[in-house]
There are 2 protein chains.
Amino acid sequence: MPDPVQSSFRALADPTRREIIAILSKEQQTIAQLTGHFDMTRAAVKKHLTVLSDGGLITMEQQGRECINRLSPGGMKPVLDWLSYFDQFWNTRLENLKEAIERNDT
Amino acid sequence: MPDPVQSSFRALADPTRREIIAILSKEQQTIAQLTGHFDMTRAAVKKHLTVLSDGGLITMEQQGRECINRLSPGGMKPVLDWLSYFDQFWNTRLENLKEAIERNDT
DNA sequence: TTGACAGGATACCAAAAGGTATCACATAAA
DNA sequence: TTTATGTGATACCTTTTGGTATCCTGTCAA
């Protein structure tokens, strides 16, 4: 899937993948660790991780026999780019983002 | 689909639906008008519109024998809420949103 | 009234998506 | 060196999804 917008949005469209993102936002995890959070096999979790990786939202680093999964900071760029194109309609909520930004910037 | 986050993200996951959003951001359209923009049947376009409506991203108003489709201003709220939860990782791109907001706010 | 036009609704189809089971392989540990 | 662990890869299954075709209903215009 060569379109970054499509692959990003696709990666976000599944609740399991969004939860994986939430978990990885707290700490990096191996595939086996991540599987412990869900009621499915490692193979299924690994498929989700592949989709997330294709979408640029995470990075998968091989370390010995383990596979470390981390959130990719710039991965959300295509999504935010697309969303910001329609600010004039959805800027209601952007107020909150603005606050978050100002908290971070200083 | 009772989960607003899921139905919103699902609605955004298809390129045709995102293009519909782009079109509707310029002007409201009937189903027949929208169909003119794509290489598919009215039935297919209507299905996409139903998904977008389920996701709260558009409103469909019956007007005589026509069906007027409009962008729903607050529809992106669940998406932006979810995204803003991970600001600390993706705030790189939030800079641009900030600029867009400041252009609109005055 | 009689068409023509805009949409619902349904059934159906092919492909993609989410998931499991299984086997193979490399590596860490005993 | 065994043995167990963590993962990759493949095949397979079921459900969902994107799409068409078809038919039916309502509405606007001659």
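Order of the sequence lines fixes the chain letters, A, B, ..., with proteins taken first and strands second; residue numbering starts at 1 for each chain. Computed from heavy atoms alone, side chains included, the values below leave out hydrogens, waters and symmetry copies.
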> Under the ring pair (Phe, Tyr, Trp, His ring centres under 6.0 Å) rule, what pairs show up with a residue in residues 3-25 of chain A, not counting sequence neighbours?
Replying inline: A:F9-A:W82
> Which residue lies toward the 5' end of DNA chain C, A:T41 or B:I68, if each is placed at its nearest nucleotide?
Replying inline: B:I68
>> For A:Q62, give me all partners under side chain to side chain contact (heavy atoms under 4.5 Å, CB included), at least two apart in sequence or on another chain.
In response: A:C67
> Taking protein heavy atoms under 4.0 Å as touching, what does nucleotides 23-30 of chain D look like 5' to 3' if B marks base contact, S marks sugar-phosphate-only contact and - marks none?
Replying inline: ---BBS--
> Can you find a side chain N or O atom of A:Q33 that sits less than 4.0 Å from OP1 or OP2 on D:dG6?
Replying inline: no
>> Side chain of B:M40, heavy atoms from C-beta onward: which of D:dT20, C:dG7, C:dG18 has the nearest atom to it?
In response: D:dT20
Side-chain atoms of residues 44-51 of chain B: list all donor-acceptor pairs with protein atoms under 3.5 Å, sequence neighbours left out, distances to 0.1 Å.
{"residue": "B:H48", "atom": "ND1", "partner": "B:R17", "partner atom": "NH1", "Å": "3.2"}
{"residue": "B:T50", "atom": "OG1", "partner": "B:K46", "partner atom": "O", "Å": "3.0"}

> To the nearest Å, how far apart are B:R10 CZ and D:dT16 P?
Replying inline: 11 Å
> When you measure from the side chain of B:N69 to the backbone N and O of B:Q29, does any donor-acceptor pair fall under 3.5 Å?
Replying inline: yes
> Which pairs, with at least one residue in residues 23-45 of chain A and sequence neighbours excluded, count as a ring pair (Phe, Tyr, Trp, His ring centres under 6.0 Å)?
Replying inline: none
>> Suppose we screen for side-chain hydrogen bond (donor to acceptor under 3.5 Å, both in side chains). Which residues come up paired with A:E66, at least two apart in sequence or across chains?
In response: none
>> Just the rounded figure in Å: distance from P of C:dA6 to CE of B:M60.
In response: 16 Å
> Counting only N and O atoms by type, is there a donor-acceptor contact under 3.5 Å from the side chain of A:R10 to the main-chain atoms of B:A13?
Replying inline: no
>> With salt bridge (Lys or Arg N to Asp or Glu O under 4.0 Å) as the rule and sequence neighbours excluded, what pairs involving residues 30-41 of chain B come up?
In response: none
>> Can you measure A:I31 atom CD1 to C:dA26 atom C1' for me and round it to whole angstrom units?
In response: 14 Å
> Whole-Å distance between C:dA15 P and B:D14 CG?
Replying inline: 17 Å
>> If the cut-off is 4.0 Å, is B:R17 near the phosphate of D:dG18, judged by side-chain N/O to OP1 or OP2?
In response: yes
> OP1 or OP2 of D:dG6 sitting under 4.0 Å from any side-chain N/O of A:T30?
Replying inline: no
> C:dA4 P sits how many Å from B:R42 CZ, rounded?
Replying inline: 15 Å
> Does B:E27 have any salt bridge (Lys or Arg N to Asp or Glu O under 4.0 Å) partners at least two apart in sequence or in another chain, and if so, which?
Replying inline: none
>> Test of understanding: with side-chain hydrogen bond (donor to acceptor under 3.5 Å, both in side chains), list the residues that count as partners of B:R42, not counting sequence neighbours.
In response: none
>> Tell me which residues in residues 43-53 of chain A lie within less than 4.0 Å of DNA chain C, going by non-hydrogen atoms.
In response: A:A43, A:A44, A:K47, A:H48
> Expressed in angstrom and rounded to an integer, what is the separation of A:D54 atom CG from C:dA16 atom C1'?
Replying inline: 14 Å
>> As a check on the pairing definition, encode DNA chain C in dot-bracket form, counting Watson-Crick and G-U wobble pairs whose two distances are under 3.5 Å, and using | for partners outside this strand.
In response: ||||||||||||||||||||||||||||||
> Can you list the residues that meet the side chain to side chain contact (heavy atoms under 4.5 Å, CB included) rule with B:R65, with sequence neighbours excluded?
Replying inline: none
